[in-house]
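Structure, as structure tokens:
Just so it is clear: chains get the letters A, B, ... in the order the sequence lines come, proteins before strands, and each one is counted from 1.
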Amino acid sequence: MSDDLQLMMSESGSESLDTFQDLGESDDCHDMSMDEHEHPRKRLKSKDDKLCGVCGDRALGYNFNAITCESCKAFFRRNALKKKKMKCLFRGNCIIDVRTRRFCPCCRLQKCLDIGMKENMILGEHEKRLRMAKVTENRMKREERGKVMIKEEPLDYDMQPMADSSNACSSSVMDSQSSNAPSPADLFEHIPESMMPTDPTSYRQLTPEEHELLEEITIAYRETVGSSLPKNDPKQDESHFNTVSSWVNNSEFAVRRLIKFVKKMADFCRINQEDQIASLKSSVVNTLLLRSVAFYIVERDSWMTPNGEISTKVLKTTTRHGDLYDSHIKYCRSLKSIVNNNTKLFALIQTLIIFNPDAQNIRARDEMSNVQDKYLILLKHYLEHEYSFEFAKNYFVAILGKIYEIKKISDNHAKVLLQVDPAEIEPIMLEILNLK
DNA sequence: ATAGCCTTGAGG
DNA sequence: CCTCAAGGCTAT
């Protein structure tokens, strides 16, 4: 490989111009033959005879402020924003052409910059999300039009959760009062398939801002707390979990993920630093619990880890708190059954847990509450987007109930945590759990 | 990781 | 409409 690479480097170094001209000539020939057949008149100027300023390959036009080929465009997009600086294995002056361009990313990137490609023209994470929000918004409109055009038929009445149009205001009041409505807890113990989404035409549309916000936290969640932990080093037998302190230390990765998660949220960065710490600390145990739900497998009564399953029985033998175990598993089963594997819902719940106005030591409780309200509304609107308004209302209440419940359970867990010997706990976990 | 091809919003 | 220039997707 390195032989080839070196060969390529020296080869191209001695005849880079030849390569460039060869490409140019073949390009011209190609164009002429095409043009003679298609447009004999304007053969000279019609098709692009543009060449990539980086490698000399055929170019379609400007990319990031310079004329480049598709591959150099993609290359620049992938690499220009990386903060890790690549280093050239040679002298930093490798010749880049269509065949050698892959061998020295460093010099290729340098040449990109030399010919004037601008890294600030690469859309940032935020701008990309805006763009995607716009795309999906338009897509939804398109599909909406399609449905409306095809529809033109009277509404179908087979779905009872459609309490929308005609008598909306009265019906919602009546429903909330009516006694025959199943209690939310019962309603969601088992997912009522019959009430799941169909017929999207009369559901709420999220605004672009809401859509973007939801995307933001969902992506952040998926990339952090929602992802599985790195494969743990040795064989992860159950002996790794036979003490409380080993459980705690095992949670360290999850806590790091939580920190990464909050740092990705613009709303979290906006609150003052003391409250950031306070809300972070008070949401750690809840977060671990929520994680345990996310990776819980109802059918097997176990948790999925990168190294395989861990039976929930291990927790019972570890803590020797049967009641704690029971309530935890019950919680896993119930929340999992209503949320399933919906990452957006997990992300929303996670967010609501973090922006908790009555957490310990919060200074600006009003402000915290305002932020939480924002996500409460987002959750509500998301549910109304996904389901009928009536169904969403019950769903909303059920989820709020579960969020309240998670706090009680985590309080119980906190008591167990106080039993551990601080000497056995990693410093970060000591700090974050206030165990010192 | 690369690179070709596709989709798309903005702007003309 | 049409073109330009972004990002996305995916076979290699």
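A heavy-atom distance below 4.5 Å is found between the side chains of A:Asp114 and A:Gln110.
In terms of phosphate contacts, A:Arg108 brings no side-chain nitrogen or oxygen within less than 4.0 Å of OP1 or OP2 of B:dA1. A sub-4.0 Å separation between OP1 or OP2 of C:dG7 and a side-chain N or O of A:Arg77 is present.
Between A:Phe103 atom CZ and A:Phe90 atom CZ the span is 10.0 Å, to the nearest 0.5 Å.
In this structure, A:Lys128 places its NZ atom 7 Å from P of C:dG7, rounding to the nearest Å. Following rounding to the nearest Å, A:Lys82 (NZ) and B:dA1 (C1') show an atom-to-atom distance of 8 Å. The interatomic distance linking A:Ile96 (CD1) with B:dA3 (P) rounds to 11 Å, in whole Å. Rounded to whole Å, the distance from CD on A:Glu70 to P on C:dA5 is 12 Å. One can place CZ of A:Phe75 at 6 Å from P of B:dT2, the figure rounded to the nearest angstrom. Here B:dA3 presents its C1' atom at 7 Å from CZ of A:Arg78, a figure rounded to the nearest Å. Atoms CG (A:Asn79) and P (B:dA1) sit 8 Å apart, rounded to a whole Å. Atom P of nucleotide C:dG7 and atom CD of A:Glu119 are separated by 13 Å, given to the nearest angstrom.
The side chain of A:Ala74 lies closest to B:dA3 when the candidates are C:dA5, C:dA6, B:dA3.
The only member of A:Ile217, A:Val225, A:Ile219 that meets side-chain contact (heavy atoms from CB on, under 4.5 Å) when paired with A:Tyr221 is A:Val225.
Proximity of a side-chain donor or acceptor of A:Lys336 to a complementary backbone N or O of A:Ala294 within less than 3.5 Å is detected.
Within 4.0 Å (heavy atoms only), A:Arg131 reaches at least one base atom of the nucleic acid.
Nearer to the 5' terminus of DNA chain B, by closest-nucleotide assignment, is the contact made by A:Arg101 (compared with the other of A:Arg101 and A:Lys73).
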